[in-house]
Amino acid sequence: MSIVVTGATGHLGRLIVQSLLDRGVPADQIVAAGRDVDRLAGLAGRGLVTQRVDYDDAESLQAAFAGAEQLMFVSGSEVGRRVVQHGNVITAAKAAGVGLVVYTSIAKADTSSLVLAAEHKATEQLILDSGLPHVFLRNSWYLENYTGQLPTYLQHGVAGAANDGRVSAATRADYAEAAAVVLTTEGHTNRVYELGGSPFTMTELAAEISRQSGNSVSYLDLPVDKLTELLVAAGLPEGYAAVLADGDRGLAQGDLEVGDDLAKLLGRTPTTLAEAIRAAL
């Protein structure tokens with residue numbers, strides 16, 4: 001078995017590599033591919049095969065995928081460029097004869113109204129058009145999106161535009177473990193998994209932070225344009241702020257609430273909001 005993991009120097013990719021190792025995949029059968037040469041060196045020191053790749057560099061992709069049986073295709077981070085970049089990955093995977101492409105997509109990619117979903121939907125179509133055997137891992141939000149903001153929440157409260165919509169957020173580690181399960185067990189080819197944890201509202205998020213911290217934290221619901229203005233005032237670039245606010249708009253519409261596919265793949269309950277907050281406080 002030879003598994004290429006792209007984005008292996010990023011947060012999710014590194015966790016997928018670790019999950020593969022934890023599931024008994026020999027280090028020399030994992031090709032850790034990424035752009036950060038220093039981080040690749042650290043992975044090489046653990047016995048993994050490493051390849052520097054860039055989604056804009058077709059030759060680097062071809063070199064990394066040569067002889068690969070499976071490709072763990074972690075989506076790129078350059079919003080607005082991902083369709084072209086992902087097309088390069090798919091072309092290289094097809095040329096290399098990769099046996100299975102596992103792609104990290106977004107929840108409900110084929111129907112979601114989120115701005116961020118468009119590139120994922122397009123990538124899924126490119127994979128379908130390629131004829132490559134595939135698995136789509138449609139991940140909802142990360143719990144870290146929220147636990148990473150705990151200091152801000154404790155000082156200013158939770159602000160958003162999600163109304164009473166529910167988000168099925170899960171930890172990166174749980175998404176990574178699910179990916180490793182798919183790569184190391186049978187019966188997943190051409191399947192679509194809608195992945196996420198137990199859903200919660202932003203009001204419930206604020207209430208759980210209050211309960212565990214002992215501080216009174218409330219949720220302020222704003223119109224999408226006002227949330228964008230608030231985020232810009234807090235120092236975020238306007239384009240990024242608009243994407244975040246659009247995420248809350250989609251959350252309010254149910255775009256980020258999914259079923260129990262993650263629990264089924266893991267064979268256990270995913271990390272809960274309460275557990276994640278407890279670990280982060």
Side-chain angles (χ1 to χ4, degrees), residues 1-27 29-34 39-40 43 46 48-51 53 55 61 64-65 68-77 82 86 89-90 93 98-109 116-117 119-120 123-124 127 132-145 168-197 256 258-271 276:
M1 180 186 297
S2 173
I3 303 173
V4 177
V5 181
T6 68
T9 57
H11 293 297
L12 181 61
R14 291 201 308 272
L15 289 168
I16 293 172
V17 167
Q18 185 58 55
S19 291
L20 289 170
L21 293 170
D22 291 344
R23 291 183 63 81
V25 178
Q29 292 181 14
I30 302 172
V31 179
R39 288 180 177 174
L40 284 176
L43 292 170
R46 300 175 60 189
L48 284 88
V49 180
T50 61
Q51 287 276 356
V53 299
Y55 288 172
L61 295 167
F65 299 168
E69 295 177 34
Q70 298 184 88
L71 170 61
M72 180 64 243
F73 178 9
V74 177
S75 57
S77 59
R82 289 191 287 192
H86 290 177
V89 174
I90 296 160
V98 172
L100 181 69
V101 175
V102 180
Y103 174 63
T104 60
S105 189
I106 195 171
K108 303 179 180 178
L116 284 177
E119 291 179 307
H120 290 291
T123 300
E124 288 189 4
I127 293 171
L132 286 164
H134 60 273
V135 182
F136 296 151
L137 303 180
R138 292 178 173 170
N139 296 342
S140 185
W141 270 191
Y142 298 136
L143 276 170
E144 289 88 347
N145 292 355
S168 300
T171 62
R172 285 190 182 91
D174 281 349
Y175 289 129
E177 184 179 336
V181 168
V182 166
L183 289 161
T184 56
T185 59
E186 300 294 328
H188 306 288
T189 300
N190 297 340
R191 296 282 300 274
V192 176
Y193 293 106
E194 300 282 357
L195 301 181
L256 292 165
V258 300
D260 61 354
D261 283 356
L262 180 58
K264 289 177 179 177
L265 284 175
L266 297 178
R268 60 171 174 81
T269 301
T271 303

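For reference, positions follow the sequence shown, starting with 1.
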Indicate the atoms forming the closest heavy-atom contact of [X] with [Y], along with that distance.
| X | Y | value |
| --- | --- | --- |
| L132 | V98 | CD2-O, 3.6 Å |
| D174 | L266 | O-CD2, 3.7 Å |
| A178 | L262 | CB-CD1, 3.6 Å |
| A93 | L71 | CB-CD2, 3.9 Å |
| V135 | L100 | CG2-CD1, 4.1 Å |
| V4 | A68 | CG2-CB, 3.5 Å |

I'd like to know if the side chain of [X] reaches the main chain of [Y], judged simply by a donor and an acceptor atom lying under 3.5 Å from each other, with no hydrogens or angles considered.
| X | Y | answer |
| --- | --- | --- |
| Q70 | L183 | yes |
| E194 | K108 | yes |
| S168 | V258 | yes |
| E144 | R172 | yes |
| R39 | T9 | yes |
| S140 | L256 | yes |
| H86 | G76 | yes |

[X] versus [Y]: any side-chain heavy-atom pair under 4.5 Å?
| X | Y | result |
| --- | --- | --- |
| H188 | V102 | no |
| I106 | W141 | yes |
| Y175 | L15 | no |
| M72 | L12 | no |
| S2 | V31 | yes |

Go through it in stages, so that I can follow the logic: the residues are V101 and I90, the test is side-chain contact (heavy atoms from CB on, under 4.5 Å), and I'd like the CA-CA distance, side-chain angles, deciding distance and then a yes or no. CA-CA 9 Å; V101 175; I90 296 160; 6.0 Å; no

CA sep, side-chain torsions, deciding dist, call: L20, Q29, side-chain contact (heavy atoms from CB on, under 4.5 Å): CA-CA 10 Å; L20 289 170; Q29 292 181 14; over 6 Å; no

May I have the step-by-step check of side-chain contact (heavy atoms from CB on, under 4.5 Å) for F65 and V53, ending in yes or no? CA-CA 10 Å; F65 299 168; V53 299; 5.6 Å; no

Can you tell me how far the [atom1] atom of [X] sits from the [atom2] atom of [Y], to the nearest 0.5 Å?
| X | Y | atom1 | atom2 | answer |
| --- | --- | --- | --- | --- |
| I16 | L21 | CD1 | CG | 12.0 Å |
| D260 | Y193 | CG | OH | 12.0 Å |
| S75 | Y55 | OG | OH | 7.0 Å |

Scan R138, H120, H134 and name whichever one has a side-chain hydrogen bond (donor to acceptor under 3.5 Å, both in side chains) with Y103. H120

Checking L195 against L265 for the side-chain contact (heavy atoms from CB on, under 4.5 Å) test, could you report, in this order, the C-alpha distance in whole Å, the side-chain angles of both residues, the deciding distance, and whether it holds? CA-CA 9 Å; L195 301 181; L265 284 175; 3.9 Å; yes

Side-chain donor-acceptor contact under 3.5 Å, T104 with N139: no

